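One structure is given below, encoded as structure tokens.
Just so it is clear, the model here is predicted, and its values are computed rather than measured. Letters go in sequence order (proteins before strands), and every chain restarts at 1.
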Amino acid sequence: MSPRKRSRSSSISSSDSQPRKRQRSSSDGSEPDKRLKVYIVQAKLSADEVASLYALVDHHSVNESLDFELTPSPRDADVIVTAVHMRKRLERHIDWALAKEKPIVTPDWLFNSVSAGELLPCGKFAALSELHDETVHNCPDGDDDSDTAASSPPTDSLLHLRSPSQEPAASADLDWKSRYACCRASPLVCVNQHLVSRLAIIRRSRELEDDKISALSYDHAIGMIKSYPYELTEDRLNEVNSLPHIGPKMISRIEEYLDNGDIEEAETIANSQRYQSLEAFTDLYGVGATTARKLYAAGCRTFEDVERYYGVSYEDEAEEEADLDDGLKTEETDDLHLASQHNDRASQHNDRKPPRPLRFAKPKIPSITPRVALDLRDDLDQRIPREEVQEIFAVIVRELNAVRPGCVATIVGGYRRGKSLSGDVDIVIGHPNLSPTGKQVKGLSSRLVERLYERGLVTHLMYLSGFHAPDVTRAAHWDALEKALTVFVLPGGVRRRVDLIFAAPEAYWTAVVGWTGSKTFERDLRRWAAEQKELKFDSTGLTRRSNGELLVPTSEEDVFRLLGLGWVPPTLRNADA
DNA sequence: CCGCAATACA
DNA sequence: TGTA
DNA sequence: GCGG
Ligand SMILES: O=c1ccn([C@H]2C[C@H](O)[C@@H](COP(=O)(O)OP(=O)(O)OP(=O)(O)O)O2)c(=O)[nH]1
Ligand SMILES: [Mg+2]
Ligand SMILES: [Mg+2]
């Protein structure tokens with residue numbers, strides 16, 4: 001989202017970069033394609049285990065740093081995975097001379113590498129002890145021979161360097177003049193970034209003031225400028241003027257910017273008490289624009305005011321335990337509740353719905369209340385460095401594989417688009433092959449969250465979907481996704497928002513696309529699908545509008561193909577400011 | 001003039 | 001109304 | 001605020 005300011009202290013410090021002269025390296029340093037070829041010896045593996053391994057490998061998986069590929073021939077393999085431990089047994093599948101030239105590892109090497117987010121040293125995973133030395137020598141871990149073993153800086157090197165740059169080149173038919181963000185290439189930082197960040201202030205103000213349509217217009221204009229490949233100058237005005245979503249109003253904004261190096265309204269807004277207060281209030285989880293305006297109208301200007309308003313700290317939480325999660329609890333001062341229960345009276349007295357949605361097991365996981373949100377603020381308003389995102393991801397994958405081995409997971413959200421700091425961690429979890437309607441994932445959501453909670457890794461649960469009473473009135477396959485929105489903490493660490501999205505196999509790739517963003521990119525994907533292709537796209541799937549037929553993509557690229565779109569790598573989906 | 005992404009859940 |  |  002937008003750069004969060006350190007609220008609190010005044011200092012206006014507009015630290016935005018000035019109009020750039022810097023050339024962005026156009027070639028975008030893509031790698032010479034380092035896909036690691038994996039050969040899997042099926043012997044001694046159950047069908048399930050084989051399927052799991054194939055799933056891991058086949059879906060290049062986990063994050064962009066690891067890129068596997070199945071190979072049908074051991075001779076072409078960079079690594080051979082087997083559960084066989086004896087020479088005689090292995091020789092039935094692989095020529096011994098060949099075996100000595102390859103790293104021969106156990107399936108655990110693959111799982112653990114995926115968990116760690118990097119290729120691990122093979123030593124501990126040698127499948128045959130008598131080939132241990134050869135295996136170590138041929139191991140694809142780290143960089144060839146330099147053998148810094150990658151063990152000292154555990155989850156770094158490979159990952160950190162490779163993730164921001166992206167893999168396959170963007171499709172040729174991207175067009176910066178298109179009116180859909182999903183047809184354009186939008187880098188994280190564009191050549192006119194300073195202008196973009198000024199427009200973003202106006203946009204944000206419109207949003208806070210509940211002028212959604214105006215905000216949308218600025219979203220569109222910002223998106224156009226983000227993908228405009230030239231530095232804006234007077235002589236480009238004509239060209240820019242002819243761009244979609246750039247009308248008279250936006251042109252006047254741009255002209256003002258070119259003349260004065262800034263936009264006055266943006267400056268005024270940014271300096272206004274109201275804007276600063278509203279912006280700060282919405283940093284509180286559960287406080288949106290509407291609530292922020294109400295707080296402001298109630299006289300609040302600073303966080304101290306809000307704390308007072310909601311009843312200051314301490315608040316013995318003795319009575320907190322007693323009440324159940326969704327019975328309304330008249331909390332806080334009479335007027336402003338954070339978004340919460342607005343049970344229409346109908347269901348209030350009516351015992352229609354399942355009396356107990358089968359409450360999450362034993363010790364209830366704390367949910368979010370206004371007080372909790374205030375307590376969490378100091379942690380949650382800190383943004384998350386990439387390295388920590390990877391760390392959190394590795395832990396979650398580790399726990400996930402304990403709960404359901406063979407799952408595939410991908411970090412999505414801003415991280416995947418290359419942001420160096422993220423507001424939260426978004427993870428899509430799937431089990432790409434196997435089982436028609438996600439029997440593998442259903443219910444996984446609560447099981448994983450329970451486990452994380454028991455281990456002290458999840459402290460709060462603000463949202464959990466996935467239990468379904470036999471409610472008939474469910475149109476599409478909305479149950480193709482389960483979500484858990486959590487507060488997660490590594491031992492001794494800062495508490496972080498972590499979103500877990502569990503996808504049924506047929507929804508896995510649309511979920512990846514749907515959760516990679518950016519937000520404007522997503523809206524335009526849906527618009528494109530509807531307006532140009534008579535398709536309906538959302539993170540649960542892609543359907544034909546005529547007959548509702550479900551189109552099931554087999555890869556992320558396939559999602560774009562089915563939509564009739566050129567490939568846009570995640571790092572070029574940054575259509576928002 | 002009308003539509004602008006999408007939609008279940010708390 | 002807020003959330004992804 | 002803009003596109004159709
Ligand atoms: O209204 C929304 C909000 C989110 N998303 C998708 C796109 C977005 O990229 C993704 C993850 O949402 P999140 O709020 O985590 O945003 P982000 O892009 O990951 O940025 P941040 O670094 O703030 O988490 O979910 C939508 O499609 N519509
Ligand atoms: Mg995110
Ligand atoms: Mg998120």
* To do: Would you indicate what A:A221 reaches in the nucleic acid, counting non-hydrogen atoms under 4.0 angstrom: base, sugar-phosphate, or nothing?
  =>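 A:A221: no heavy atom of the nucleic acid under 4.0 Å.
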* When all nucleic acid strands are considered with a 4.0 Å heavy-atom cut-off, which category describes A:D426: base, sugar-phosphate, or nothing? ->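 Result for A:D426 = sugar-phosphate.
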* With nearest nucleotides of DNA chain B determined for A:K483 and A:L216 from heavy-atom distances, which residue corresponds to the more 5′ nucleotide? -> A:L216
* Structure fact -> Per nearest nucleotide of DNA chain B, the residue lying toward the 5' end, A:Y463 or A:F537, is A:F537
Any [X] side-chain nitrogen or oxygen under 4.0 Å from OP1 or OP2 of [N]:
X      : N     : result
A:T291 : C:dG2 : yes
A:T290 : C:dG2 : yes
A:K212 : B:dG3 : no

May I have the distance from [X] (atom [atom1]) to [N] (atom [atom2]), rounded to whole angstrom?
X      : N      : atom1 : atom2 : result
A:L295 : C:dT1  : CG    : P     : 14 Å
A:R497 : C:dG2  : CZ    : P     : 16 Å
A:R179 : B:dG3  : CZ    : C1'   : 11 Å
A:K536 : B:dC4  : NZ    : P     : 14 Å
A:D524 : B:dA6  : CG    : P     : 11 Å
A:E207 : B:dC4  : CD    : C1'   : 15 Å
A:I213 : B:dG3  : CD1   : C1'   : 8 Å
A:D499 : B:dA10 : CG    : C1'   : 15 Å

* Asked: If you look only at pairs with a residue in residues 177-188 of chain A, which of them pass as a salt bridge (Lys or Arg N to Asp or Glu O under 4.0 Å), with sequence neighbours excluded?
  ->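 Listed once each, the pairs are A:R179-A:E531.
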* Structure fact -> Residue pairs passing the salt bridge (Lys or Arg N to Asp or Glu O under 4.0 Å) test with at least one member in residues 563-577 of chain A, sequence neighbours excluded, are A:E556-A:R573
* Could you walk me through whether A:R301 and A:S277 pass the side-chain hydrogen bond (donor to acceptor under 3.5 Å, both in side chains) test, one step at a time? => CA-CA 5 Å; A:R301 295 296 180 271; A:S277 294; 5.3 Å; no
* Interface limits on DNA chain D, where chain A has a heavy atom under 4.0 Å of a nucleotide atom ->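 Answer, 5' to 3': D:dG1 to D:dG4.
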Residue [X], side-chain heavy atoms: nucleotide from [options] that is nearest:
X      : options             : value
A:D424 : C:dA4, B:dA5, B:dA6 : C:dA4
A:L485 : C:dA4, B:dT7, B:dC4 : C:dA4
A:R523 : C:dT1, B:dA5, C:dT3 : B:dA5

* **Residues that A:D262 engages under salt bridge (charged side-chain N to carboxylate O under 4.0 Å, His left out), provided they are two or more places apart** =>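 A:D262: salt bridge (charged side-chain N to carboxylate O under 4.0 Å, His left out) contacts with A:R198.
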* By salt bridge (charged side-chain N to carboxylate O under 4.0 Å, His left out) - contacts of A:D424 (at least two apart) -> none
* Asked: Got a sec, which residues hit ring pair (Phe, Tyr, Trp, His ring centres under 6.0 Å) with A:F488, two or more places apart in sequence or on another chain?
  ->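 Expected list: none.
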* Asked: Mind checking the P distance from B:dC4 to C:dA4? Whole angstroms is fine.
  ->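 Result for the P pair: 23 Å, nearest Å.
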* B:dA5 versus D:dG3 - spacing of their P atoms, nearest Å ->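 Between the two P atoms, the distance is 14 Å.
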* Structure fact -> Residues at least two apart in sequence or cross-chain that pass side chain to side chain donor-acceptor pair (under 3.5 Å) with A:R274, listed by chain then number, are A:E209
* **Residues which pass side chain to side chain donor-acceptor pair (under 3.5 Å) with A:S214, listed by chain and number, not counting sequence neighbours** =>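 Expected list: A:R206.
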* In residues 244-253 of chain A, what residues come within less than 4.0 Å of DNA chain B, judged by heavy atoms? ->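 Residues of residues 244-253 of chain A under 4.0 Å from DNA chain B: none.
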* Asked: Is there a side-chain hydrogen bond (donor to acceptor under 3.5 Å, both in side chains) between A:Y508 and A:T410 once you walk through the steps?
  -> CA-CA 10 Å; A:Y508 182 77; A:T410 305; 3.0 Å; yes
* Asked: Is there a donor-acceptor contact under 3.5 Å linking the side chains of A:Q532 and A:Y180?
  ->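 The criterion, which ignores hydrogens and geometry beyond distance, is satisfied for A:Y180 and A:Q532.
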